[in-house]
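The block underneath contains the structure these notes are about, expressed in structure tokens.
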Amino acid sequence: MSRTTHLRRSRVALAVTLAAASLLISACGGSTGSKDPAVQKPVKPGQKVDLRFWSWVPGVDKAVDKWNATHPDIRVKLEKIPAGSSGGYAKMRAALKSGNAPDLAQVEYQEIPSFLLENGLVNLSQYGADKDRSKFVDWQWQQGVFDKAVYAIPQASGPMGLFYRSDLFKKWGITPPATWDEFAQAAQKIHDADPKAYISTFPAGNSAWFTALAWQAGAKWFGVNGDTWSVNIDSPQTLKVAAFWDDLRSKKVIKTEPDFANGWYKDLQTGGITSWVSAQWGDAIISGNAPRTTGKWAVAPMPQWTKGSNVSANWGGSSTAVLKGAKHIPEALKFAEWLNTDPTSVDLLLQGGYGWPAAADGYKGSSLDKPSQFFGGQKYNEVFAEADKNIDNSWKWIPTIDATYQHLNDGFQAALAGKGTFVSAVKQAQKQTVEDLKKKGLKVSTGQ
Amino acid sequence: MPTRAPRRRRNLAPVVFVAPFLLLFLLTFALPIGYAVYQSVMDVEYTGSLGLGGSHTVFVALSNYSDALSDHAFLRSIGRVLLFAVVQVPVMVVLSAGLALLLDSASAKGVRFFRAAFFLPYGVPGVIASILWGFLYVPGVSPLVDGMRHLGLSVDLLGGNTVLWSIANIVTWEFAGYNVLVLVAQLRTIPAELYEAARIDGASAWATVRHVKLPLLRPALILTTVFTIIGTLQLFAEPLVLKPVSSSIDSAYTPNLSAYNEAFTNDNYHLAAAEAVLLALAAFVLSFGFLRLINKRGGDA
């Protein structure tokens with residue numbers, strides 16, 4: 001028998017073992033009840049406590065160092081894990097099931113319901129978390145609230161705007177589009193002016209981005225009616241957004257390459273892509289990957305569906321949650337609160353590029369509140385500060401959001417391959433999402 | 001007449017020697033497979049308002065299997081790897097055999113160099129190979145694509161109709177050299193007398209290949225074919241790595257990718273287990289089916 005078989009075999013074996021290992025872990029968990037253990041009391045002053053914290057956020061190590069230097073009794077040990085969707089959540093779920101979870105972990109807003117479903121988060125209201133409410137932007141606080149109990153301390157979000165190449169726009173006589181109609185016209189003008197240039201790409205594999213656009217259009221995909229999850233992805237608002245991009249795609253005035261990939265980075269550097277509807281944290285992506293375009297970018301508000309309105313949306317957002325099985329919950333909560341509100345910590349996180357602070361007064365006077373050389377001297381974060389106030393704050397998530405994203409991705413990709421449209425992908429994702437929830441034995445209703 | 005050893009000891013010896021292997025086999029092979037099968041007939045159910053009241057594992061018989069088999073995306077992924085195999089297996093076997101025969105021909109120069117050169121890609125891990133080729137496929141970054149465009153050929157190597165064959169190219173690049181090595185080794189075992197006899201009979205070089213080399217190469221050809229069949233069904237690393245740069249690779253592009261995503265993205269281990277078991281069954285049926293077919297036609301594998 002040759003080594004090829006071994007290699008090939010070991011690949012199956014690896015896949016099977018991986019699956020089996022994770023299954024083993026899930027089996028050990030067995031049936032998980034909803035009963036909470038007795039509420040923990042804070043340790044006595046002077047008693048030393050060690051906390052484990054799993055996160056992937058850039059710059060968080062510096063904030064943790066700062067905490068450890070100023071809080072000798074509560075020592076936080078940071079363990080860097082892969083970003084949530086790249087394996088971080090799988091690791092956390094496995095740790096939860098095997099009863100070896102860290103005290104604290106990074107959980108994005110959209111994932112909070114799925115961790116709740118796994119009974120993986122500690123009800124922080126029992127520990128007086130509600131008193132911190134006023135320190136945070138209200139809607140971000142609400143992302144962690146279920147059934148009137150707080151399950152996560154918000155950290156950051158991603159209010160959206162339009163990054164664009166001011167030099168190229170000026171050269172071609174294009175003003176930053178204030179409406180989506182103008183965006184479509186600008187798309188045509190740009191492609192006419194330079195056949196190699198496009199206004200942007202439609203990233204078929206990145207449904208989180210599309211979700212944010214639907215959010216801005218006034219869609220409310222998910223909700224809760226009593227004991228039932230509601231799903232309303234295929235609302236007229238979402239279909240309008242999908243049809244808009246279907247139209248641009250059929251006119252071939254946008255690119256359809258994936259974002260955050262080599263070709264896309266190259267296009268950012270060379271002007272192949274001349275604008276990007278993105279979240280505030282997109283600034284670090286552009287300046288980090290296209291450093292030679294310094295001074296050529298600017299930021300405008302997100303294009304509007306109705307002229308004169310001023311609606312933004314959110315893309316991304318993350319919280320610090322205390323996981324079930326944490327040994328020192330009161331201390332963990334204290335750290336989570338400090339990490340996300342203490343001005344020194346917030347500034348360290350901002351420098352790392354973690355996004356838009358969830359702390360109510362995080363922006364004013366911070367390192368974001370300054371003119372930027374990269375953005376041509378523009379004090380560009382003012383745009384996002386304004387956007388932050390104009391986000392529909394009632395947006396909610398469901399426990400099977402990853403599967404929904406995947407259905408949308410697959411549908412959009414099929415559309416690019418000539419099978420169906422973005423509109424049909426949205427309709428299909430609605431049906432599949434209802435199925436996903438039903439399969440888990442959950443009650444589902446459709447419509448708002 | 002030699003004296004016979006006591007019967008009992010003779011029977012015990014193999015058991016003692018085989019025991020460590022059997023133990024490892026049970027622990028690392030049979031047990032995980034058995035466990036995957038067990039998990040594939042279970043599922044998790046949630047209770048309480050919004051499902052937040054807790055969960056328990058229930059026996060669902062074959063419902064995960066029927067879910068997998070009624071999932072169009074999963075079925076398409078199976079169809080896709082079968083199509084891939086139909087093209088990839090002959091290409092791989094013919095190419096490897098051709099290269100092996102060229103290397104083995106008496107007049108070949110620089111045999112050692114070419115043998116090493118063919119084999120080299122096998123030393124590159126599949127993930128690295130896919131990243132490397134990925135760079136050569138992405139327009140705007142790839143000199144290959146740009147060069148072809150200058151020649152008036154505008155090909156999207158990552159498009160819906162092409163990406164599967166771009167993957168086939170990576171797989172061929174990776175594994176052809178290894179198969180060549182297996183075949184060359186087999187060719188080296190052919191006794192020189194046979195060539196001599198062929199020469200005395202006045203056989204041309206081509207006749208020698210057809211009537212001496214190829215028949216004697218048969219066992220190695222069967223072996224490499226079976227490996228390639230199994231390998232193509234398990235296609236995983238290449239599409240996974242190319243996924244971020246291609247809009248045409250979805251989450252269920254191959255059965256392995258589908259099981260991986262069910263387990264690690266959708267947290268749906270039971271369905272993933274069912275898909276993994278189905279894939280293993282398909283690989284089993286196809287490889288043994290091929291062996292039976294070959295053996296029926298005569299000759300030993």
Side-chain angles (χ1 to χ4, degrees), chain A residues 2-5 8-9 11-13 15-20 22-24 26-27 30-34 85 87 90 93 114 116-119 146-147 204-205 224 226-229 256-258 260-263 266-267 270 272 399-400 402-403 406 409-410 413-414 416-418 439-442, chain B residues 28-29 31-33 35-36 39 44-57 67 73 134-135 138-141 159-161 175 178-179 182 223-224 227 230-231 234 236 243-252 256 259-261 263-269 272-273 276 280 283:
Chain A
S2 84
R3 271 187 52 204
T4 320
T5 5
R8 299 296 204 181
R9 284 253 168 92
R11 277 206 208 162
V12 206
V16 174
T17 319
L18 263 179
S22 11
L23 297 168
L24 201 62
S26 58
S31 151
T32 55
S34 62
S85 52
R93 288 190 184 116
S114 105
L116 271 182
L117 194 67
E118 299 299 328
N119 200 22
F146 287 82
D147 215 7
V224 167
D227 63 349
T228 306
W229 294 97
T256 51
E257 69 184 354
F260 306 104
N262 294 330
K266 170 99 190 230
D267 277 333
T270 57
T400 56
D402 288 327
Q406 226 168 59
N409 289 345
D410 290 351
Q413 291 181 339
L416 293 188
K439 260 187 221 157
K440 290 206 182 266
L442 305 174
Chain B
T28 62
F29 201 77
L31 192 74
I33 289 179
Y35 200 69
Q39 287 297 332
V44 180
E45 262 184 16
Y46 297 87
T47 53
S49 170
L50 297 172
L52 303 180
S55 62
H56 52 271
T57 311
D67 281 353
F135 272 108
V138 175
V141 179
N161 300 322
F175 294 105
Y178 187 79
N179 291 327
V182 173
L223 201 71
T224 46
F227 298 161
I230 297 173
Q234 290 166 20
F236 175 68
K243 194 174 186 299
V245 296
S246 170
S247 293
S248 307
I249 298 176
D250 62 20
S251 59
N256 245 348
Y260 172 85
N261 276 316
F264 298 109
T265 308
N266 296 343
D267 202 24
N268 211 340
Y269 292 108

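Note: hydrogens, waters and symmetry copies are ignored here, and every other heavy atom, side chains too, is used. Everything quoted here is computed from the prediction, not taken from an experiment.
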Indicate yes or no: at least one non-hydrogen side-chain atom of [X] is less than 4.5 angstrom from one of [Y].
| X | Y | answer |
| --- | --- | --- |
| B:Asp267 | A:Glu118 | yes |
| B:Ser247 | A:Pro258 | yes |
| B:Leu50 | A:Val224 | yes |

[atom1]/[X] to [atom2]/[Y] distance, rounded to the nearest 0.5 angstrom?
| X | Y | atom1 | atom2 | answer |
| --- | --- | --- | --- | --- |
| B:Ser49 | A:Trp229 | OG | CH2 | 9.0 Å |
| B:Tyr46 | A:Leu442 | OH | CG | 8.0 Å |
| A:Asn119 | B:Leu52 | CG | CG | 8.5 Å |
| B:Ser246 | A:Glu257 | OG | CD | 11.5 Å |
| B:Asp67 | A:Lys439 | CG | NZ | 4.5 Å |

Please flag which part of [X] lies under 4.5 Å from any non-hydrogen atom of chain A: side chain, backbone, both or neither.
| X | answer |
| --- | --- |
| B:Thr47 | neither |
| B:Val245 | both |
| B:Asn161 | neither |

Proximal component of [X], with respect to chain B [non-hydrogen, under 4.5 Å]:
| X | answer |
| --- | --- |
| A:Asn409 | neither |
| A:Ser85 | neither |
| A:Thr400 | neither |
| A:Leu116 | both |

**Under 3.5 Å donor-acceptor, A:Lys266 side chain and B:Gly140 backbone** =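 Between the backbone of B:Gly140 and the side chain of A:Lys266 there is a qualifying donor-acceptor contact (under 3.5 Å).
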**Message:** Main chain of A:Ala414, side chain of B:Asp250: is a donor-acceptor contact present, judged purely on distance under 3.5 Å?
**Reply:**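 Not at all, since once roles are kept as given, no pair shorter than 3.5 Å links the two residues.
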**Contact winner vs chain B - A:Thr256, A:Asn262, A:Leu416, heavy-atom pairs under 4.5 Å** =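 Ranked by heavy-atom pairs under 4.5 Å with chain B, first place is A:Asn262.
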**Asked** So with a 6.0 Å cut-off around CG of A:Asp147, is the heavy-atom count from everything else above 12?
**Response**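 No, not enclosed.
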**Asked** Is A:Phe260 atom CZ crowded by more than 12 heavy atoms from other residues, nucleotides or ligands, each under 6.0 Å away?
**Response**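 Yes, because the 6.0 Å sphere around CZ of A:Phe260 holds more than 12 heavy atoms from other groups.
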**Smallest separation among heavy atoms of B:Pro244 and A:Ala261, with atom names** =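 Heavy atoms of B:Pro244 and A:Ala261 come nearest at O-CB, 3.5 Å.
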**Item:** Working for side-chain contact (heavy atoms from CB on, under 4.5 Å), residues B:Asn266 and A:Gln406
**Value:** CA-CA 9 Å; B:Asn266 296 343; A:Gln406 226 168 59; 3.5 Å; yes
**Item:** Residues B:Ser251, A:Asp410; criterion side-chain hydrogen bond (donor to acceptor under 3.5 Å, both in side chains); working and verdict
**Value:** CA-CA 7 Å; B:Ser251 59; A:Asp410 290 351; 2.5 Å; yes
**Item:** Heavy-atom pairs under 4.5 Å with chain A, option from B:Asn268, B:Ile249, B:Thr224 with the top count
**Value:**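 Top count of heavy-atom pairs under 4.5 Å with chain A: B:Ile249.
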